[in-house]
Each structure stands twice: as structure tokens, then as C-alpha cells.
There are 2 protein chains.
Amino acid sequence: MVVTPQLLKTFPLLSGLPDATLDDVAAQSSVRKAARRAIVLNAGQNEEQICFLFEGRLQGVDFTIDGREVGLYFVEPGEFCGELCLFDGGSQPEFVMALTPSVIVSIPLNTMHELLKKHPELFATVSAKVAGHVRKMTFQRSLLGLPNIAQRVCCQLWMLVPEKDKEKEEAHIRNPPTHMEIAIMLNISRETVTRVFQSLQNRQIVKRDGTSLLVVTQVSVLRDYAEGKQEL
Amino acid sequence: MVVTPQLLKTFPLLSGLPDATLDDVAAQSSVRKAARRAIVLNAGQNEEQICFLFEGRLQGVDFTIDGREVGLYFVEPGEFCGELCLFDGGSQPEFVMALTPSVIVSIPLNTMHELLKKHPELFATVSAKVAGHVRKMTFQRSLLGLPNIAQRVCCQLWMLVPEKDKEKEEAHIRNPPTHMEIAIMLNISRETVTRVFQSLQNRQIVKRDGTSLLVVTQVSVLRDYAEGKQEL
DNA sequence: CGTCCTGTGTGACTGCAATCACCCCGCGTC
DNA sequence: GACGCGGGGTGATTGCAGTCACACAGGACG
């Protein structure tokens with residue numbers, strides 16, 4: 001499929017670029033669709049492309065030596081991934097997999113390099129993204145250190161509460177991860193996640209509204225659990 | 001204490017810089033000593049300095065919400081830390097603590113920024129270091145996903161085997177982390193680490209030589225354990 | 001309509017690592 | 001020498017989360 005400059009403009013990182021530049025980049029880029037659970041980027045390979053997510057949802061995942069899946073982060077529409085090789089030309093550290101059918105725009109590594117050279121202001125954005133990634137991973141790592149499993153789940157849930165809702169008493173989490181996805185991120189079993197959720201629902205702290213919406217009815221209580229001020 | 005250009009030259013990152021530049025940087029930098037378990041960089045603060053380790057050993061550590069310590073990485077002499085704020089001006093994500101009495105050279109963030117602007121080749125090195133950090137964290141995260149604890153310990157041990165010894169049958173690990181430090185990195189208890197080590201020693205796969213040297217006598221067997229090809 | 005698949009809910013069982021309690025040893029230092 | 005302290009070693013106990021097995025609901029799809 002053909003990449004139009006208009007398509008590229010939908011991505012915050014690129015939206016400020018002059019039309020001529022976008023024409024140029026568009027000509028060298030490509031679009032593709034990825035089915036559910038399709039691999040978008042392979043770990044351990046020099047992927048030579050930066051992926052921009054137009055539609056769908058991706059997850060960075062790794063696998064342990066014994067084949068277990070390890071969830072690392074999500075990629076939402078408008079965001080990009082695979083940028084690490086811009087920094088050292090090394091290989092992609094983790095797999096990126098489509099959680100839902102997705103549409104992905106790929107810009108070749110070289111094109112991206114040229115672009116960053118010409119527009120250093122983009123470089124700052126990409127750097128900040130990597131820095132943010134490090135911060136997130138550090139936080140996630142500290143989550144895994146929690147001995148209390150329920151607390152771990154609550155922390156992750158708290159992370160998913162939109163910033164704007166954190167002070168309110170009710171929060172909406174759209175398209176929440178499945179229990180399995182949460183389990184993989186937190187290094188616990190799917191059943192355990194389900195049990196924690198049951199417990200939260202019984203106490204009317206969260207409730208589900210269809211498959212694509214999770215309502216946190218008592219945000220402050222959730223925070224207390226997350227911070228260990230209360231035990232579940 | 002006064003920082004001399006000669007001192008700065010001992011750091012690989014800075015060794016190629018012209019003397020005039022080093023004079024300049026030295027004038028704005030400072031040296032300090034850190035006692036064992038002293039905090040070198042504080043998490044959550046805008047530290048505004050890049051720390052170069054001249055002597056000793058540092059560890060990046062985080063704390064879970066409930067106060068548990070989480071070990072992240074080590075800093076060896078000649079290396080630096082605290083560079084993440086160069087990328088986004090954000091705060092330091094984790095604590096950096098001295099494992100042994102250490103000597104640290106601090107270069108202010110602004111000075112460092114100027115330096116990188118004037119010498120983009122340094123920027124590549126710093127970028128590569130951050131990228132490498134991300135890779136390491138990703139790997140460490142996948143370690144934590146291992147359900148078999150003994151395997152986790154063996155993997156960590158395998159990581160500590162110097163690159164040059166990985167193909168040999170005997171490897172030397174200088175200044176190995178204490179059981180406690182390993183336990184913290186792997187999110188398991190100190191006793192469990194001890195028991196795994198006992199098991200490895202009984203099978204004559206590793207042996208200790210004083211406090212500051214650990215000898216891996218059967219490197220290939222250790223690798224098999226690490227890769228899950230054999231069970232301990 | 002039936003079928004398939006994914007996601008969720010739940011009970012029973014069990015194994016394994018955390019915890020606790022205590023030991024020893026070596027080292028620095030008062 | 002006595003002492004404290006950090007580091008390592010070990011047994012007994014226990015609780016908790018993983019695992020297994022199965023049930024059920026809802027959506028997609030022919």
C-alpha cells in the first residue's frame with residue numbers, strides 16, 4: 001500500500017514537518033497490516049525500520065529462555081516503536097506483537113537517520129521517548145519486587161488509570177488488557193489475576209462494562225491498595 | 001577536592017578530548033568520596049550531575065513501594081551514571097548507591113550538555129550506553145520471568161562470566177556480588193541464593209577462592225543450567 | 001443454527017520458596 | 001582480647017500462588 005504524506009501527518013512526531021520532507025519520507029515508507037498476535041518486530045535482529053502504529057494495539061514482549069512470555073509495554077495508535085537501533089545501530093531487544101489487528105507504517109532506519117539529522121528537534125522527542133521507556137521499565141521492575149501479589153495487580157491497574165481521573169472518585173479504563181496480558185506483565189498466573197479482580201469486584205472497587213471498558217468506582221481505595229496502605 | 005584534567009582523562013568517554021576542553025570541564029567539576037552504602041544519586045530528583053566512577057563500585061537500586069530493595073545494575077570504575085537526564089531533563093529514575101567506599105567525579109548537567117553539543121561523537125557514546133542499558137534491563141526482566149529459581153541464579157552467574165572466558169572451561173569472576181546482592185537483583189531470598197550456590201559447589205561447578213574471587217570450574221555446565229538444558 | 005475460539009470464573013491440590021531462627025567464620029577496630 | 005558486624009550456611013515450618021481441570025459466556029463466522 002502507498003504511504004501518503006497525510007498519513008504521516010497523523011503521527012505527532014512527524015506532524016510538524018514541511019510537506020516536501022514528508023513527501024520524501026512517504027515515498028520510502030510502507031504500510032502493512034498485522035493480524036492478532038502477529039510479530040511486528042523481531043527480537044535479536046537488526047530490524048532497520050521504525051514502526052509507527054496507525055491503528056490497533058501493539059505490545060512489546062520478550063520470551064524467557066524456557067519459552068515463557070514476558071510483557072513489557074504497550075504501543076497505542078500515534079506512537080512508534082523500534083527506535084532503539086537509532087541510538088546504537090544494535091538489534092531490537094524485544095519482540096513487538098500485535099494485540100489486535102493493526103495497521104503499521106514502517107520508515108526505514110536510514111530515512112529516519114537522515115530525517116533526524118535534518119531536524120534535530122525530532123531527535124529530542126525520540127530521546128525523551130527512550131528516556132521515558134527507561135523510567136517505565138525501572139518502575140515496572142520495582143513492581144515485580146512486590147511480595148504481595150494483589151498489590152502488584154492493583155499497582156498495574158493504578159498505572160492504567162488515566163492521569164485526568166486519578167484525583168476523581170470514578171475512573172474509566174478503555175480497552176483494558178485481558179487478564180492474561182496483565183498476568184504476563186506482572187509475572188503471575190492468569191488465574192491469580194482473575195482472583196484478584198473477583199476480589200476487587202466483590203468489594204465494588206471496580207466493575208466491568210462490556211469487554212472494552214473497566215470502571216474503577218473507588219479510585220482512592222484502589223490507590224490505597226496499590227500503595228500498600230490497605231491489604232486486599 | 002580539585003579535579004585535574006589528568007583525572008578526567010582516565011575516563012574512556014573523555015580521554016579523547018583536547019586539553020583545553022578538559023581544563024574547562026575540570027574547573028566546573030568536583031570529586032567526592034562515598035562511604036559504603038552511601039547514596040550517590042537520589043531517585044526522583046533532578047540530580048543535575050553526571051557521575052563518573054574513579055574508584056570503588058556502585059549499584060543502581062530501586063525500592064518497591066513496601067520498602068524492599070531492588071538491584072538494577074552495577075557501575076564499575078571508568079564508567080559513568082546518571083546520564084538519563086541528558087535525554088529529557090527528567091529526574092533520576094533510580095538510586096545509585098556505593099557498594100564499596102568509592103571516589104566519584106561529578107560533572108554538572110549544563111557543562112555536560114555544552115560538551116555534548118561541541119563534541120557530537122561523545123553523544124553517540126552516551127546514546128549507545130543508554131541503549132545498552134535498555135537492552136540489559138530487557139534481559140534482566142526476562143530473567144525474572146523464569147519460573148525455575150536455580151536457573152535464574154545460574155543465568156545471572158552466567159552474565160557475570162567475563163566475555164573472554166565464556167568459551168573456556170574455567171572462568172574467574174572477580175569481586176562477585178554477595179548472596180544478598182544477587183538475591184536482590186533476582187527478586188528471591190538470600191537463603192535461596194545460598195542454597196543454589198551450595199548445590200553448585202557440591203557439584204564442583206563453582207568454587208570460591210577467598211572473598212573476592214569466584215571460580216567457575218565448569219563453564220559449559222553452568223551455561224547448560226542457565227539455558228535450562230539441565231536441571232539443578 | 002452449530003461450531004470454534006477467546007476470555008473469564010472457580011475448586012482442589014501441591015510444591016516450592018519465603019520466613020524464622022539459629023549457627024559459624026573472618027575481619028576490623030576499640 | 002573482646003566485640004560487633006557483615007557474610008555465609010542450614011533446618012523446620014508454612015503459606016501462598018502455580019498448576020490442572022473443567023465450566024461457562026459471548027462473539028465471529030460459515
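Each chain gets a letter, A, B and so on, in the order its sequence line appears, and its residues count up from 1. We use all heavy atoms of the structure for the numbers below, so side chains are in, but hydrogens, waters and symmetry mates are not.
- Contact between B/C81 and B/V96 at its shortest, heavy atoms only, is SG-CG1, 4.0 Å.
- The distance from atom CZ of A/R174 to atom OG of A/S212, rounded to the nearest 0.5 Å, is 7.0 Å.
- The side-chain hydrogen bond (donor to acceptor under 3.5 Å, both in side chains) analysis of residues 184-197 of chain B, with sequence neighbours excluded, yields the pairs B/H179-B/T194, B/S189-B/T192, B/R190-B/T194.
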Can you give one letter per nucleotide of nucleotides 17-30 of chain D, going 5' to 3': B for a protein heavy atom under 4.0 Å from the base, S for sugar-phosphate only, - for none? SSBBB---------

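- Residue contacts for A/R208: at a heavy-atom cut-off of 4.0 Å it reaches the sugar-phosphate backbone alone, with no base atom in range.
- Of all nucleotides in DNA chain C, those with any atom nearer than 4.0 Å to a heavy atom of chain A start and finish, going 5' to 3', at C/dT6 to C/dA12.
- Here D/dT10 presents its P atom at 11 Å from NE2 of B/H179, a figure rounded to the nearest Å.
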Side chain to side chain donor-acceptor pair (under 3.5 Å) for B/E231 and B/Q151? Distances and angles first, verdict last. CA-CA 8 Å; B/E231 292 263 325; B/Q151 194 184 354; over 6 Å; no

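- Scanning for salt bridge (charged side-chain N to carboxylate O under 4.0 Å, His left out) contacts around B/K168 gives B/D165, with sequence neighbours left out.
- A/R36 comes within contact range of the sugar-phosphate backbone alone, with a heavy-atom separation under 4.0 Å but no base atom that close.
- Look at CZ on A/R152: it is 14 Å from P on D/dC16, rounded to the nearest Å.
- The cationic atom of A/K129 (NZ for Lys, CZ for Arg) lies less than 6.0 Å from the six-membered ring centre of A/F80 and within 45° of the ring axis.
- Taking A/K9 as the reference, A/D19, A/L22 meet the side chain to side chain contact (heavy atoms under 4.5 Å, CB included) condition, with sequence neighbours excluded.
- Distance B/I184 CD1 to D/dG6 P: 13 Å, rounded to the nearest Å.
- The interatomic distance linking B/L99 (CG) with D/dG6 (P) rounds to 14 Å, in whole Å.
- Look at NZ on B/K207: it is 18 Å from P on D/dG8, rounded to the nearest Å.
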Give the table of side-chain donor-acceptor pairs shorter than 3.5 Å for residues 36-45 of chain B, with sequence neighbours excluded, one pair per line with atom names and distance.
| from | atom 1 | to | atom 2 | distance (Å) |
| --- | --- | --- | --- | --- |
| B/R36 | NH1 | B/L99 | O | 3.3 |
| B/R37 | NH2 | B/E69 | OE1 | 3.2 |

